Structure formats: C-alpha cells, structure tokens
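All remarks here apply to the structure that follows.
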Protein chains: 2
Amino acid sequence: MSPTMNSAQQRQRAKDDYDAFLATCPSRQLLDRISDKWITLVLSALEDGSLRYSELARQIAGVSQKMLTQSLRNLERDGLISRTVTASVPVRVDYEMTELGQSLFGIVLQLKQWAESNMNVIISHRDEFDSRN
Amino acid sequence: MSPTMNSAQQRQRAKDDYDAFLATCPSRQLLDRISDKWITLVLSALEDGSLRYSELARQIAGVSQKMLTQSLRNLERDGLISRTVTASVPVRVDYEMTELGQSLFGIVLQLKQWAESNMNVIISHRDEFDSRN
DNA sequence: CGGAATCCACTTTGATACTG
DNA sequence: CAGTATCAAAGTGGATTCCG
C-alpha cells in the first residue's frame, strides 16, 4: 500500500479488496460470524445503552450462559462492544456498543424487524408450498 | 382477529405481536434462518436478475451442493425466490428473487458489504485484544 | 444439468456443576 | 453476579454416490 494513500483511499481500497463471495476471503468468515442469531439479539438488546450480563440474559430469552458469554467475547474482541467491570461485591459487569458496534446494529436491527414484520406472510408461503408438495 | 381490520392494520398488528427476543416466538426461528451466511450470499448473488443453479454455485465459491440446494429450497418455500424449470435437455433451472426476497436482499447486502468494508478495522481490534490477553 | 440421498466427521450447543 | 469447565446431545456441513 502506497504511503501517500490517505485514509479515505485506504477504506476504498479495503472495500475493493475483500469479497465475501470468495471462499478464502477473511470477510467470508466475518460474514459468518455476524450472520448469527445471538449476535443480532445481543446488539439489538444494547440499543438503549449499556446492560449488565444478567440483564442481557433476561432480555434474550432462552440464551444459555455459554452462548451469551461466547457472543459477548466475540463482540468484544472484534471491537463491537465494550466491557466494563466494576469491582464491587458482588462484581458488576456492563456491556455497551462501541461506535463500530452501532454501525452493525443499524443493520442487524433491520434483520430482526424484518423477521418480525414478515412472519405472517412467510407462514402463508410455507403453507402454500407444503400443500403443493 | 377482527374481520373489520384492514390489511394495513393486520400488518401493524403482526409487527406488534412477534418478538424475536422471546424464545418460543416464531420470528426467533425465522431470524435464525435468515441470519445465515449462505442465505445472504445467495440473495446477494441474485442482485442483477435470475441465475441458473450452476451459475450460483460458481459465484458463491466454496458452497457445497447440499448447502446450496438446501438454501434455495428454504428460500423458495418462504417465498423469497422463485424457481423456474425449463424442460430442455439438459434441464435448465433458473432462480430469481421475488418482491419479498428483494426486501430482505436490501438488508443482507448491507451485511455483506459491512463485513467487506470493516474487515481491516476488525482485524486490528482482534490483534489488540489478543495481545492484551 | 440439477439435483436427491446417504453416510459420517466435525462443530455447535445446551445442561450441569463449580468458582472468584 | 458473572462467569468457567466439562460432557453429552444435537445439529451442521461436506464428500460421495446415484438419478431423471
């Protein structure tokens, strides 16, 4: 990469370089990671600000400790959420979206809302398909 | 549901009724289905119009026959794509997004592009996280 | 060409128990 | 409270084979 390339150009170049259609492209793995029910629900739950671990667990009904923790760690590692530990007794841990996380939140929230909004029409499509076959 | 409710009201009601945060809500399963790498890539591949099975397989590098067929069947059953068979020798099968499919396409394409655009910054976040731990 | 069907390795996930 | 560790169960996905 040329040293004379500014950051806007670098972003543009990055956009050109990565292609999720390619099996070995890193963005394929990233797409796989963010195309995830729990990731979507965790980010959606953090819409209105930070939440504690137990609050997240309550809001995302049916999530196991393991999956919640794993999702939170991955999101933290990728820089999408921040984790703040308050050393009290008992300890308090808060999670909050970063700016980068919010940019993904804007997309996955649409996904969640799309599922909720189109559930009825999809049920009817399934009924029709199943009765034809 | 009241018989005096018009379709717009029904849609509004549907939006209110379904909540993917609830473990047993059907929209939770739908969210799980559409939060899928292959679903995203298939819809993205159909951006410019219909494609044959083999063309899809070529564009979505690394997808197995099984996963491609499974994804196409699910998308067809949910009414997101249409499947057209031309009875020639050999047979020709074309897939094309429906209007409903295009509404989801608008979202999953953002997801794919987000992954491609933010790969670099996420790699640096991972490096930083891993070096701290 | 466009699948369907089978087998099986691997991964993912959930329950359970335990801990700082 | 907020996890970690472990194990078993379930699901996913790939390779292979066969078919209209």
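Protein chains get the first letters and strands the later ones, always in sequence-line order, with residue 1 at the start of each. Keep in mind it's a predicted model, so treat the numbers as computed, not measured.
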Taking all non-hydrogen atoms of both residues, which atom of B:Ser103 and which atom of B:Leu100 are closest, and how far apart? OG-O, 2.6 Å
Quick check on D:dA2: is either OP1 or OP2 less than 4.0 Å from any side-chain nitrogen or oxygen of A:Ser54? yes
If only side-chain N and O atoms of A:Arg52 are considered, is one of them under 4.0 Å from the OP1 or OP2 phosphate oxygen of D:dA2? yes
To the nearest Å, give me how far apart CG (B:Asp94) and C1' (C:dG2) are. 12 Å
Would A:Lys112 and B:Phe21 count as a cation-pi pair here, with the cationic atom under 6.0 angstrom from the ring centre and within 45° of the axis? yes
For the pair made of CD in A:Gln29 and P in C:dT12, what is the distance, rounded to whole Å? 12 Å
To the nearest Å, how far apart are A:Asn74 CG and C:dT13 P? 11 Å
Would you tell me if any nitrogen or oxygen in the side chain of B:Tyr53 comes within less than 4.0 Å of OP1 or OP2 on C:dA4? no
Roughly, in whole Å, what's the span from CG in A:Leu68 to C1' in C:dT12? 16 Å
Just how far, in rounded Å, is P of C:dT13 from CG of A:Leu41? 13 Å
Hey, which sits more toward the 5' end of DNA chain C by its nearest nucleotide, B:Arg73 or A:Pro90? B:Arg73
Could you state the atom-to-atom distance from CD of B:Gln70 to P of C:dG3 in whole Å? 14 Å
Without decimals, in angstroms, what is the distance between B:Lys37 NZ and D:dT12 P? 13 Å
Reckon B:Val91 touches a base, only the sugar-phosphate, or nothing at all at heavy-atom distances under 4.0 Å? base
Between A:Glu55 and A:Lys66, just flag the one whose closest nucleotide in DNA chain D comes earlier from the 5' side. A:Glu55
Any chance the side chains of A:Tyr18 and B:Asn120 put a donor and an acceptor closer than 3.5 Å? yes
Would you please confirm or rule out a distance under 4.0 Å between OP1 or OP2 of C:dG3 and any side-chain N or O of B:Arg83? yes
I need the single residue from B:Thr84, B:Thr86, B:Val85 that forms a side chain to side chain contact (heavy atoms under 4.5 Å, CB included) with B:Val93. Which is it? B:Val85
Is B:Gln65 side chain donor-acceptor paired with the C:dA4 base, going by distance under 3.5 Å alone? yes
In whole angstrom, what separates B:Asp32's CG from D:dT12's P? 8 Å
Minimum heavy-atom distance between B:Leu41 and A:Arg28, given as atom pair plus value: CD1-NE, 3.5 Å
